[in-house]
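Numbering of ligands and ligand atoms starts at 1, following listing order. Atoms considered below: every heavy atom in the structure, side chains included; atoms not considered: hydrogens, waters and symmetry mates.
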Amino acid sequence: MSGKIIVTGGAGYIGSHTVVELSKAGYQPIIIDNFANAEKRAVEGINQILNTEVTCYEGDCGDADFMEGILTKESSVAGIIHFAADKAVGESVEQPLKYYKNNIGSLLTLLEVMPKHRIPMLVFSSSCTVYGQPDQLPVTESTPKKPAESPYGNTKQIGEEMIEDVVKSKVPMKAIALRYFNPIGAHPTAKIGELPLGVPNNLVPYVTQAATGKLEKITVFGDDYDTPDGTCVRDYIHVVDLAKAHVSAIRYLEQQDSKSLFDIFNIGTGHGNTVLEVIKTFEEVSHVPLNYTIGPRRTGDVEKVYADVSKANNVLHWKAEQSLADALRDAWHWQQTLS
Ligand code: UFG
């Protein structure tokens with residue numbers, strides 16, 4: 001058995017899939033979640049998939065006393081994968097301080113407690129939102145960052161910079177920021193998946209809920225972009241592929257002799273798909289026709305963004321394996337367990 005890996009936000013969408021992949025790879029994942037934007041059923045789903053009971057602490061990873069208590073109890077933690085964060089772009093514009101407090105505050109706490117408890121590795125959830133609308137596609141890790149469009153996006157930029165500064169200060173910490181493109185899909189067992197609160201903001205949960213009839217119709221936000229069919233282009237990655245990237249990141253960090261390092265990787269498929277391609281592919285895999293109309297552009301949307309993933313392929317030896325159709329099929333199976 002390899003080391004203990006704390007997964008903050010381990011009951012959330014990407015966190016829960018990562019807990020499963022860590023365990024399958026021989027690590028001992030430990031979930032920390034305050035269940036503010038996650039449900040206990042995610043932990044039950046993880047336990048069913050793994051046929052074991054994963055350790056789970058309920059609480060806020062931004063609470064230094066709570067973290068001290070866990071780290072005193074759980075000795076020799078090998079690393080932390082930090083997912084716990086608020087993630088609704090629109091909400092962050094309305095409640096910026098909630099985002100700065102939760103997203104920056106939790107990272108700050110972790111960066112303080114990690115050296116104290118000799119935890120050498122950190123993987124941080126970042127986002128392709130740091131690129132804004134890039135001047136050149138696909139985006140590489142050295143593509144210049146654009147000023148953040150939202151407080152949420154700003155917390156990802158600041159988070160990366162905080163980690164980099166801590167590493168530069170020669171604190172013994174090996175850290176990676178993974179810049180996710182658009183995670184979609186669910187576990188193929190349909191035991192875990194995305195559980196959006198209220199009406200979803202993101203395309204795929206909106207599509208799957210529209211397919212069940214829970215939502216009346218999908219509005220495609222604009223069809224006059226400079227793209228093959230006029231709708232926005234994104235790099236949609238299966239959440240299980242994304243989860244596996246975290247295992248690869250941990251493995252890579254374990255292998256590095258340097259005591260202090262910081263690196264950044266794009267995690268996507270390397271391919272862009274339009275909104276209409278997502279809708280069409282969903283209809284093909286689900287055999288459910290979708291009711292959609294074209295509406296105005298959504299404020300803040302970038303026209304097109306997709307990843308150059310050669311750095312993750314070559315350095316982390318990781319590659320997305322699943323197709324858009326695979327991800328949409330799994331998203332649909334998961335949705336059917338909910339309705
Ligand atoms: N879209 C629609 N109709 C909908 C919902 C979305 O047409 O009802 C379109 C959007 O305009 C966009 C595409 O579907 O073109 C994808 O939208 P999502 O909301 O699913 O994803 P975004 O790319 O806007 O946002 C995602 C994450 C953010 C992250 C951002 C980085 O949700 O957390 O990528 O670019 F910041």
Under 6.0 Å between ring centres: does that hold for F181 and H271?
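No, too far apart.
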Which atom of [X] lies closest to which atom of [Y], heavy atoms considered:
| X | Y | answer |
| --- | --- | --- |
| V139 | N266 | O-ND2, 2.8 Å |
| D60 | F66 | O-CD2, 3.2 Å |
| E141 | I264 | CG-O, 3.4 Å |

Given the ring of Y292, does K217 sit roughly above its face, with NZ or CZ under 6.0 Å from the centre of the six-membered ring and within 45° of the axis?
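Relative to the ring axis of Y292, which defines the angle, K217 lies outside at least one limit.
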Quick one: is the NZ or CZ of K214 closer than 6.0 Å to the six-membered ring centre of Y206, and within 45° of its axis?
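Checked: cation-pi criterion not met.
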Examine the proximity of ligand 1 to [X] and report which part, side chain or backbone, both or neither, has a heavy atom under 4.0 Å away.
| X | value |
| --- | --- |
| T129 | both |
| N201 | backbone |
| D301 | side chain |
| F181 | neither |

Could you pull out, from P205, G132, A210, C128, the option with a heavy atom nearest to atom 35 (O) of ligand 1?
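Among P205, G132, A210, C128, the closest heavy atom to atom 35 (O) of ligand 1 belongs to C128.
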How far is [atom] from the closest protein heavy atom, and which atom is that?
| atom | answer |
| --- | --- |
| atom 22 (P) of ligand 1 | N182 ND2, 3.6 Å |
| atom 20 (O) of ligand 1 | L203 N, 2.8 Å |
| atom 9 (C) of ligand 1 | V275 CG2, 3.7 Å |
| atom 15 (O) of ligand 1 | C232 CB, 2.9 Å |
| atom 4 (C) of ligand 1 | F221 CE1, 3.2 Å |
| atom 28 (C) of ligand 1 | V89 CG2, 4.1 Å |

4.5 Å side-chain heavy-atom contact, Y13 and N37:
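No; the side chains remain at least 4.5 Å from each other.
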Quick check on K146: does its NZ atom have over 12 non-hydrogen neighbours (other residues, nucleotides or ligands) under 6.0 Å away?
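Counting neighbours around NZ of K146, more than 12 heavy atoms of other residues, nucleotides or ligands fall under 6.0 Å, so yes.
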Is there a heavy atom in [X] that sits closer than 4.0 Å to ligand 1?
| X | value |
| --- | --- |
| G153 | no |
| Y131 | no |
| Y236 | yes |
| I218 | no |

Looking only at side chains, do S323 and D326 share a donor and an acceptor under 3.5 Å apart?
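Checked: S323/D326 side chains pair up, N/O donor to acceptor below 3.5 Å.
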May I ask you to check whether H238 and E321 show a side-chain donor-acceptor distance below 3.5 Å?
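No - no donor-acceptor pair under 3.5 Å links their side chains.
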Give the atom numbers and elements of ligand 1 that come within less than 4.0 Å of a heavy atom of [X].
| X | value |
| --- | --- |
| Y152 | 33 (O), 36 (F) |
| V220 | 7 (O) |
| S127 | 29 (C), 31 (C), 36 (F) |

So if I apply the side chain to side chain donor-acceptor pair (under 3.5 Å) rule between E74 and each of Q28, K4, H117, which one comes out positive?
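Result: among Q28, K4, H117, K4 is the only option passing the side chain to side chain donor-acceptor pair (under 3.5 Å) with E74.
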Examine N202 against ligand 1 and note whether any of their N/O atoms are separated by less than 3.5 Å.
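Yes - when backbone and side-chain N and O of N202 are compared with those of ligand 1, one distance drops under 3.5 Å.
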If I apply the N/O under 3.5 Å rule, does R234 come out as touching ligand 1?
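Yes, there is a polar N/O contact under 3.5 Å.
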Stepwise, does the ring-ring contact (aromatic ring centres under 6.0 Å, His included) test hold for H317 with Y252?
CA-CA 9 Å; H317 306 298; Y252 171 79; 8.4 Å; no
